[in-house]
Amino acid sequence: PMAAVLTMAQAWHAQPTESLLPYLVARQLLRVDALALALDYLNQAAPLVQPALESERLRLVADTLWRLGKLQEAEQAYGRWALAALTSGEAATAREWQARLQFLQAQTSGTSK
């Protein structure tokens, strides 16, 4: 997988206006738990032209922030995903994750929202 990541990253650096390549690099990096680096590539891929891929990119950003322990940023990212979601099910899932993170943040700060 890392050879594929390097090949895609090199192709992207040759064509930096192509937003799909950093998205694909990020997907490969997530497979090997290189979360911080994957997040950087996901952010560089924004926005993707295809609505389905952009929705998926937003979900991956939110999930990656959560996995990195950046709860407030993840909550905001799930909100962005909810707005861009293509189905009511995706939007509901994003809002559910927002609520979970709000609850978790309230528990860790000793306050309630």
Side-chain angles (χ1 to χ4, degrees):
M2 291 312 290
V5 169
L6 292 173
T7 301
M8 285 185 279
Q10 289 170 341
W12 177 61
H13 289 292
Q15 290 185 302
T17 59
E18 175 55 60
S19 60
L20 186 58
L21 288 170
Y23 167 78
L24 294 173
V25 170
R27 298 285 309 218
Q28 294 300 314
L29 290 168
L30 289 170
R31 291 180 62 208
V32 295
D33 290 329
L35 301 177
L37 189 55
L39 182 61
D40 185 47
Y41 276 96
L42 286 168
N43 287 327
Q44 291 179 53
L48 290 169
V49 175
Q50 302 88 344
L53 288 176
E54 178 59 11
S55 178
E56 176 66 1
R57 186 193 68 79
L58 291 169
R59 182 192 68 79
L60 290 172
V61 167
D63 287 353
T64 303
L65 287 165
W66 171 73
R67 291 177 63 196
L68 287 168
K70 298 180 178 189
L71 303 184
Q72 187 172 19
E73 290 177 60
E75 178 191 338
Q76 295 167 355
Y78 280 114
R80 289 189 296 277
W81 178 41
L83 294 174
L86 298 180
T87 68
S88 59
E90 284 182 350
T93 299
R95 287 190 299 272
E96 182 179 322
W97 274 103
Q98 268 190 300
R100 288 178 184 183
L101 288 168
Q102 288 169 355
F103 177 79
L104 183 59
Q105 290 175 89
Q107 294 299 320
T108 58
S109 69
T111 62
S112 61
K113 284 189 173 183

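Quick note: residue numbers are just sequence positions, from 1.
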Taking the side chain as every heavy atom from C-beta outward, state whether Asp63 and Tyr78 have any pair of such atoms under 4.5 Å apart. yes
Who are the salt bridge (charged side-chain N to carboxylate O under 4.0 Å, His left out) partners of Arg100, not counting sequence neighbours? Glu96
Applying a strict under-4.5 Å side-chain criterion to I, L, V, M, F, W and Y, I'd like to know whether Leu48 and Leu30 cluster together. yes
Could you measure the distance from the CD atom of Gln28 to the OH atom of Tyr41? Nearest 0.5 Å is fine. 12.5 Å
Side-chain heavy-atom pair Leu60, Arg27 within 4.5 angstrom cut-off: yes
Taking atom CG of Leu104 and atom CD of Gln102, what is their separation to the nearest 0.5 Å? 11.0 Å
Is there a continuous path of hydrophobic side-chain contacts, each under 4.5 Å between heavy atoms, that joins Leu35 to Trp81? no
Classify the side-chain pair Gln98/Arg95 by whether it contains a donor and acceptor separated by less than 3.5 Å. no
Taking all heavy atoms of Ala77 and all of Val61, pick out the closest pair and write down the distance. CB-CG1, 4.2 Å
N/O donor-acceptor pairs under 3.5 Å from side chains in residues 83-90, not counting sequence neighbours:
from  : atom 1 : to    : atom 2 : distance (Å)
Thr87 : OG1    : Glu90 : N      : 3.0
Glu90 : OE1    : Ser55 : OG     : 3.2
Glu90 : OE1    : Leu86 : N      : 3.1

Residue pair Gln76, Leu65: steps toward the side chain to side chain contact (heavy atoms under 4.5 Å, CB included) verdict: CA-CA 10 Å; Gln76 295 167 355; Leu65 287 165; over 6 Å; no
Side-chain donor/acceptor of Arg57 to backbone N/O of Leu42, under 3.5 Å: yes
Ala74 versus Ala62, closest heavy-atom pair with distance: CB-O, 3.8 Å
Rounded to the nearest 0.5 Å, how far apart are CD of Glu75 and CD of Gln72? 7.0 Å
Evaluate the side-chain proximity of Leu58 to Glu54: yes if any heavy-atom separation is below 4.5 Å, no if none is. yes
OG1/Thr108 to CG/Leu101 distance, rounded to the nearest 0.5 angstrom? 10.0 Å
Rounded to the nearest 0.5 Å, what separation is found between the CG atom of Leu39 and the NZ atom of Lys70? 6.5 Å
Residue pair Pro47 / Ser19: nearest heavy atoms and the distance that separates them: O-OG, 3.7 Å
Cluster link Phe103 to Leu71, ILVMFWY, side chain under 4.5 Å: no
